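Below is one structure; the comments refer to it alone.
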Amino acid sequence: MRLTPHSFGSRGDDTSTPTSGPAEGSALREPASVLLVDDRPEDLLALSNMLTHPEYRLVMARSGAEALRRVLDTDFAVILLDVMMPGMDGFEVATMIKSRDRSRDTPILFLTAAHQDVSSIYRAYSVGAVDYLTKPVDEAVARAKVGIFVELFRKDQRIQEQALALREADRRERELQLAEVRLLSEKRYRSLVEMIPAAVWTAYPDGSVNYCNHRWHEFTGLRLDGARGRGWLGAVHPDDTERVAAEWSSAISRNETYASELRLLRTDGTSRWHLCHIIPEMDHHHRGRVRGWLGMFADCEELKRAVEARDEFLSIASHELRTPLSTLLLNLDSLKRQLSPTSTDERARRKLESALRQTLRMEKLVNSLLDVARIAAGRLELELEESNLTEIVRQCVDRLSEQAMSAGSPMGMHASRDARDIVGRWDRMRIEQVVTNLLSNAIKYGDGKPIEVSMEVEGDQAVVRVRDYGIGIAPEHLDRIFDRFERAVSSRNYSGLGMGLYITRQIIEAHGGAIAVESEVGQGSVFSVHLPIGEVQAISA
């Protein structure tokens, strides 16, 4: 039946049973939105009457501007758009609808007058129309065409829903797989931890313990409930508890690794020394944030006893060697004096001088071993007296200048105006030992290049710097060159036992000072000694 605009109105029973439209059995689906655009109210009413259906949500607009506002708010299954409208015609409206990403693919059916020429129809297609209806509109044709586009819209929705469901199913599957991998990794991790012959525990970011392995319980008798939070400190020897608690709290506040030696109490009340090592587990998604802590206690009782036995042996051996060495030096010196300056036995003189040099070298080694033993036993004592630091450094430089020249490393000294006479209370002999060690190192590793010694005053501290331009120190060795028996280079190329810098640091720290080094491989090193000028209390190292 062909309807004319003036005949739109009552349609009898056809309103609820259109001859063409959406598929049956889908009334429960959400209605599809259909936009009707026409400036004539009676035409809008006619279109509304013929397209009314439970599965359609009809939205009407009486101008192009109103239609564009509707398109901004709603996704439409199809748009029926009148060509001839005042202000903004259908072609302009269609062009703007198609220029927007969200509505670009929305099908547009143009409503045109039957008398319009073919060029208008071509223009409609050129601006994005998919079809057209001529006025007066044929009800069956309109319902059929709208039904087709609504069904296509429904299918597109179903495809999108299915794609979304597939993506969601895939996401859940990946999450399940990841959870399984994490669970398996955790089980393997726990199994590995339980096999380790050391006490292991983990903690929350605030340091509260949340896991202990069986070795911890086996040794300390503390189960997880007793070790939670800071409860693990109850297994630390009372003499170590306060120190460990303070150091551990400091490490937590700075998010730093904590390492220390401490005694853990056994279930029978005895204790054994353990090396405690706790590292932060950093959060890779939030820089600088700690996810938790991993701690391990390794029994080092036997190692500590061995070290103590070694230190005791060194101390005894050094003391025992001093007496015969002193006697040997006196005898060699006496023989040297007995040789006549005009003696023709030059070969004997050379052998005697060589024996003296080697004996002096051995005496220096024995004295270093004695110093190490004193430091290890906490018996390094200072004999403080008023001393001129500038004079001490200058005398050391003068004494070693000939040795430096022989090595091809001329030595120069410079003191700033305020450092020409730095007077303070220091152990003169020990300060000489410090400067001599630093100058000897510069000569040994200076690679035959100049050595510079400088002095200045910074605030209430005297600063002595020894710079060489030799082989330098690799970055990975800078932190350990001041440790006992540590070396930055192979002993095959450079002699020594690695005690000089260790003793040097201990002496400086006993004076309340500090030593630092800056170095670059192939460019040399700068050792800086900072000593307080004010009154210094004797400190036993």
Side-chain angles (χ1 to χ4, degrees), residues 311 314 318 361 363-384 387 389-397 399-400 403-404 409 411 413 422 424-446 451-456 461-468 470-473 477-489 491 494-519 524-533 536 538-541:
D311 290 342
L314 289 177
S318 301
R361 181 182 176 189
E363 183 186 43
K364 182 180 178 182
L365 175 60
V366 169
N367 287 335
S368 294
L369 289 172
L370 274 172
D371 283 339
V372 170
R374 290 190 188 103
I375 293 168
R379 295 196 301 267
L380 179 64
E381 297 180 354
L382 302 181
E383 296 181 6
L384 300 178
S387 305
L389 181 63
T390 310
E391 179 184 308
I392 294 172
V393 174
R394 185 177 288 112
Q395 289 176 353
C396 291
V397 170
R399 187 172 66 252
L400 293 174
Q403 180 183 342
S409 298
M411 193 181 300
M413 176 180 171
I422 305 176
R425 287 183 57 78
W426 296 294
D427 185 322
R428 182 183 183 90
M429 185 188 72
R430 291 298 185 183
I431 295 299
E432 286 181 359
Q433 185 179 358
V434 165
V435 177
T436 300
N437 281 344
L438 293 179
L439 294 179
S440 298
N441 266 10
I443 295 170
K444 182 188 293 185
Y445 303 114
I451 297 170
E452 300 170 0
V453 182
S454 64
M455 296 189 65
E456 57 188 329
Q461 292 191 328
V463 182
V464 181
R465 289 189 173 89
V466 178
R467 176 189 294 272
D468 69 72
I471 63 174
I473 305 168
H477 299 316
L478 287 176
D479 290 337
R480 65 181 184 86
I481 60 171
F482 294 107
D483 292 340
R484 185 167 40 168
F485 303 116
E486 290 288 352
R487 299 166 50 86
V489 294
S491 59
Y494 296 90
S495 61
L497 295 179
M499 295 182 293
L501 288 178
Y502 169 71
I503 296 170
T504 296
R505 185 179 69 173
Q506 298 301 320
I507 293 173
I508 293 170
E509 291 181 352
H511 278 83
I515 184 171
V517 60
E518 298 176 18
S519 187
S525 306
V526 181
F527 286 85
S528 302
V529 174
H530 294 252
L531 289 168
I533 298 175
V536 177
I539 303 172
S540 295

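Predicted model only: the values in this text are computed from it and were never measured.
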Item to check | Check against side-chain contact (heavy atoms from CB on, under 4.5 Å), L400 and S440 | outcome: CA-CA 8 Å; L400 293 174; S440 298; 4.2 Å; yes
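The side-chain heavy atoms of I515 and L438, taken from C-beta on, include a pair separated by under 4.5 Å. Looking at M455 and I422, their side chains come closer than 4.5 Å, going by heavy atoms from C-beta outward. Taking the side chain as every heavy atom from C-beta outward, V526 and V466 never approach each other to under 4.5 Å. Residues R399 and T436 form a side-chain contact, since some pair of their non-hydrogen atoms from C-beta on lies under 4.5 Å apart. Side-chain contact check for F527 versus L439: every heavy-atom pair is 4.5 Å or farther apart. Two residues are said to be in side-chain contact when any heavy atoms from C-beta on lie closer than 4.5 Å; V517 and F482 meet this criterion. Proximity of R394 to C396: side-chain heavy atoms (C-beta onward) are nowhere separated by under 4.5 Å. L531 is listed as a side-chain neighbour of I431, based on a closest heavy-atom distance under 4.5 Å.
When atom types are taken as modelled, the side chain of H511 and the backbone of D427 share a donor-acceptor pair closer than 3.5 angstrom. Counting only distance, with no hydrogens or angles, the side chain of S519 and the backbone of G524 share a donor-acceptor pair below 3.5 Å.
Interatomic distance, Q433 CD to I392 CD1, rounded to the nearest 0.5 Å: 12.5 Å. In this structure, S387 OG and E432 CD are separated by 9.0 Å, a value rounded to the nearest 0.5 Å. The CG atom of L478 sits 5.5 Å away from the CD1 atom of I473 when rounded to the nearest 0.5 Å. Between atom CD1 of residue I507 and atom OH of residue Y502 there is a gap of 11.0 Å, rounded to the nearest 0.5 Å. From Y445, atom OH reaches atom OG of S409 across 13.5 Å, with rounding to the nearest 0.5 Å. Taking CD1 of I471 as the start and OG of S525 as the end, the distance is 8.0 Å to the nearest 0.5 Å.
Of the charged side-chain nitrogens involved, at least one lies within less than 4.0 Å of a carboxylate oxygen, so that E391 and R428 count as a salt-bridged pair. At a threshold of 4.0 Å, the pair R465-E456 counts as salt-bridged, since one of the basic side-chain nitrogens sits closer than that to a carboxylate oxygen.
Residue I451 forms a side chain to side chain contact (heavy atoms under 4.5 Å, CB included) with just one option from M411, R467, M413, and that option is M411.
Other residues, nucleotides and ligands contribute more than 12 heavy atoms inside 6.0 Å of the CD atom of Q461.
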